[in-house]
Number of protein chains: 2
Amino acid sequence: MANTSSRTLRLLSLLQTHRYWPGAELADRLEVSVRTLRRDVDRLRELGYPVEAHRGVDGGYQLAAGAALPPLVVDDEEAVALAIGLRVAAQGAVAGIEEASVRALAKVVQVMPPRLRRRIEALRAATQPTVWGAGPTVDAGTLTTVAQACRDEERLRFSYTARAGEVTERHVEPHRLVSLGRRWYLVAYDLARHDWRSFRLDRLSEPRGTRDRFRPRELPAEDAAAFVRAGIDTIVAPLSVEVIVHAPAETLRGRLGAWATIDEIDATRCHLRMTTENLEWPIFALGVAGADFEVVHPPELTDGLREWATRFLRSTGTPAPTDRGAAARP
Amino acid sequence: MANTSSRTLRLLSLLQTHRYWPGAELADRLEVSVRTLRRDVDRLRELGYPVEAHRGVDGGYQLAAGAALPPLVVDDEEAVALAIGLRVAAQGAVAGIEEASVRALAKVVQVMPPRLRRRIEALRAATQPTVWGAGPTVDAGTLTTVAQACRDEERLRFSYTARAGEVTERHVEPHRLVSLGRRWYLVAYDLARHDWRSFRLDRLSEPRGTRDRFRPRELPAEDAAAFVRAGIDTIVAPLSVEVIVHAPAETLRGRLGAWATIDEIDATRCHLRMTTENLEWPIFALGVAGADFEVVHPPELTDGLREWATRFLRSTGTPAPTDRGAAARP
DNA sequence: ACATTGAGGTCAGAAAGTGACCGCTAGACC
DNA sequence: GGTCTAGCGGTCACTTTCTGACCTCAATGT
């Protein structure tokens with residue numbers, strides 16, 4: 001443990017956990033002379049990780065932002081936080097970074113000690129609140145297993161529930177994971193059917209990596225996303241919602257945050273605009289808004305609101321009004 | 001760039017990005033002989049990062065899960081995903097890991113090249129959907145700045161809006177960040193007032209780290225969390241909600257996921273239980289549930305439901321029923 | 001002006017790292 | 001069972017780097 005590379009790593013980790021370090025203390029911790037420490041610092045700088053130094057009384061070293069990201073040295077808790085955060089991101093909480101999230105997640109999970117995996121598993125119950133309306137969520141374990149198989153060029157077995165409902169056992173050469181509109185797809189070469197297929201990850205269960213590697217084939221399509229897009233019949237059309245809310249824009253922003261686009265009309269009214277794939281979120285937003293409003297668009301939203309309202313009133317014991325009033329609506 | 005430690009790091013990064021590597025290819029990439037590669041692998045193993053090897057045809061090396069987490073080598077996109085995931089986690093998406101998330105976030109952000117920070121900033125708009133009902137969210141930038149100042153023992157200036165509304169300028173020695181019930185607090189020694197204070201992070205703006213370090217003082221409390229708890233007058237009492245839903249448990253689970261506790265009563269009814277801090281989430285859940293239900297507990301939920309329902313109906317043009325029906329409720 | 005702390009040169013001895021060679025062993029495939 | 005492949009690990013000689021000690025210089029803050 002006394003060799004140079006390990007010490008360099010340790011130095012990197014020390015610099016990451018605590019910004020300022022007096023040279024003497026670092027030298028002490030690494031059990032080398034100050035001269036050697038300076039040389040170690042130089043080495044890090046040569047590797048592209050800029051270490052800033054301050055001279056004079058209370059001087060010291062600190063790791064600065066550089067051109068490249070240094071290897072991150074994280075402790076157990078941070079690793080768990082990392083994995084959970086990535087998992088949320090991969091579930092589609094933020095558009096556009098799903099693929100990178102899964103890659104990073106696979107990377108972290110692969111090298112993570114079992115005890116940490118157990119901790120993550122224990123926290124799974126809490127992490128579930130990814131209420132994407134009625135959208136089926138993909139199990140994070142499935143996601144990482146499949147992602148690893150793709151990356152490692154390792155054949156994969158799983159059972160797949162087709163749209164019609166029949167369950168089949170598959171053996172494939174995984175090619176790429178694609179995230180399209182809140183859904184994950186696996187593009188893979190099906191070894192039994194001798195052809196390329198795309199699989200919806202929420203219909204896929206018990207993926208098992210066979211320890212069996214393969215040479216990647218060439219996909220007969222521009223890229224994996226294009227292949228998936230070509231195979232999908234129903235694309236979830238995003239709904240655009242527009243409502244006039246009878247509340248000051250400022251109040252509404254305070255309640256909803258940056259969750260919807262809010263434009264002022266006058267001192268007491270504003271426009272609320274959202275784009276989603278289901279109606280539950282806009283309804284929720286209008287509930288949270290806590291003010292009266294008029295739906296501009298789309299009519300389905302009105303229907304949804306009426307449906308919720310009647311059910312809610314039924315539960316309170318208030319008799320729901322007849323539908324005649326609604327029919328009178330222009 | 002030809003020295004040993006840099007090569008060891010590169011080897012680690014190669015092993016992290018791609019699970020199986022034939023020894024010859026690794027040796028080739030690192031521009032050393034196979035013998036030296038073996039020695040490098042040995043070195044990694046000595047450092048506690050277990051590298052598994054497979055012999056025979058198609059053999060190779062792979063990084064396995066060990067006792068300690070190796071330094072993570074991530075690329076740009078993964079770093080962005082990481083930061084965004086951590087940011088979501090820090091905002092309180094998952095209970096119990098907020099502090100670790102912030103620590104990790106501070107760590108990543110500190111060494112992150114500016115171009116990546118800009119990319120994260122660009123994605124900020126998308127990451128906002130942290131709809132914590134009416135709970136004010138903390139700006140992630142504020143969070144990391146303050147976290148760094150705590151970690152680095154660096155004095156901090158910021159402006160603070162007190163409960164009453166007046167804005168004051170503060171100069172403090174930050175001690176610790178505490179996350180309590182969806183809120184972030186900074187425990188710090190106020191240099192102007194010569195005493196310890198706790199600050200709500202959502203009331204704090206424009207934090208600026210002075211490049212001015214200090215020796216940490218001792219906090220006159222058991223720990224920072226206890227100090228904050230002692231200073232809070234209103235603790236948000238968690239509400240426990242119980243509803244009987246007229247739908248099979250299985251159906252409900254499919255719609256709500258693991259978001260609430262669902263226990264079967266009989267084939268057509270089930271118990272739905274949730275614990276939250278505000279009523280908006282249970283109402284939303286009941287809306288998404290899409291079935292009739294009866295509120296068991298608490299009465300406020302019924303009030304909330306009636307309030308939403310009447311507003312919703314008003315918007316559809318359906319006249320809201322009078323409140324007499326509700327008064328007839330037992 | 002002075003103490004403090006980092007920067008960096010030089011030197012000599014110690015400690016590694018390196019490639020070339022060797023025979024060995026565990027799998028995979030015929 | 002034989003054979004091929006690819007990792008394992010020992011030894012040796014040579015080279016390179018590393019290290020601590022010593023030195024002077026350069027910022028920085030009091």
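Numbers restart at 1 for each chain; the letters A, B, ... are given by sequence-line order, proteins then strands.
- Side-chain contact between A:Trp196 and A:Arg217: present, with at least one pair of heavy atoms (C-beta onward) separated by less than 4.5 Å.
- Counting heavy atoms from C-beta outward, A:Tyr61 and A:Leu37 have side chains that approach closer than 4.5 Å.
- A heavy-atom distance below 4.0 Å to DNA chain D is reached by none of the residues of residues 59-67 of chain A.
- Between A:Arg43 and A:Asp40, at least one side-chain nitrogen of the basic residue sits less than 4.0 Å from a carboxylate oxygen of the acidic one, meeting the salt-bridge criterion.
- We find that CG of A:Leu44 is positioned 15 Å from P of C:dG6, with the value rounded to whole Å.
- B:Arg213 comes within 4.0 angstrom of no nucleic acid atom, judged by non-hydrogen atoms across all strands.
- Considering only side-chain atoms of B:Thr36, the nucleotide from C:dG19, C:dG8, C:dA7 that sits closest is C:dG19.
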- So B:Asp195 and B:Arg193, salt bridge (Lys or Arg N to Asp or Glu O under 4.0 Å) or not? Walk me through it. CA-CA 5 Å; B:Asp195 200 7; B:Arg193 283 153 189 81; over 6 Å; no
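- Computed from coordinates, the A:Arg38 CZ to D:dT17 P distance equals 20 Å when rounded to whole Å.
- Between B:Arg43 atom CZ and D:dG9 atom C1' the separation is 15 Å, expressed in whole Å.
- Look at CG on B:Asp40: it is 13 Å from C1' on C:dG19, rounded to the nearest Å.
- Here A:Arg7 reaches the OP1 or OP2 of D:dT19: one of its side-chain N or O atoms lies under 4.0 Å away.
- Residues A:Pro71 and A:Leu12 are in side-chain contact: their nearest non-hydrogen atoms beyond the backbone lie under 4.5 Å apart.
- Under the side chain to side chain contact (heavy atoms under 4.5 Å, CB included) rule, A:Leu191 has a single partner from A:Glu173, A:Arg170, A:Arg157, which is A:Glu173.
- Straight-line distance from the CG atom of B:Asp212 to the C1' atom of D:dT28: 14 Å, rounded to whole Å.
- Two residues, A:Ser5 and A:Arg55, neighbour DNA chain C, and the one matched to the more 5' nucleotide by heavy-atom proximity is A:Arg55.
- Summarising the geometry, the separation between NE2 on B:His54 and C1' on C:dA28 is reported as 14 Å, rounded to the nearest angstrom.
- The side chain of B:Arg39 lies closest to C:dG19, out of C:dG19, D:dT19, D:dG9.
- Proximity of the aromatic rings of B:Tyr189 and B:Phe214 is defined here by a centroid distance below 6.0 angstrom, and this criterion is not met.
- Here B:Arg208 pairs with B:Glu169 in a salt bridge; the nearest charged N to carboxylate O distance falls below 4.0 Å.
- Along DNA chain C, the nucleotide nearest to A:Val57 and the one nearest to A:Val41 differ in position, and the one closer to the 5' end is contacted by A:Val57.
- Of the charged side-chain nitrogens involved, none lies within less than 4.0 Å of a carboxylate oxygen, so that A:Arg103 and A:Glu99 do not count as a salt-bridged pair.
- Computed from coordinates, the B:Glu52 CD to C:dA26 P distance equals 17 Å when rounded to whole Å.
- Note: CG (B:Leu37) to C1' (C:dG19) measures 13 Å, nearest angstrom.
- Across residues 20-35 of chain A, A:Pro22, A:Gly23, A:Arg35 each have a non-hydrogen atom less than 4.0 Å from an atom of DNA chain C (numbered order).
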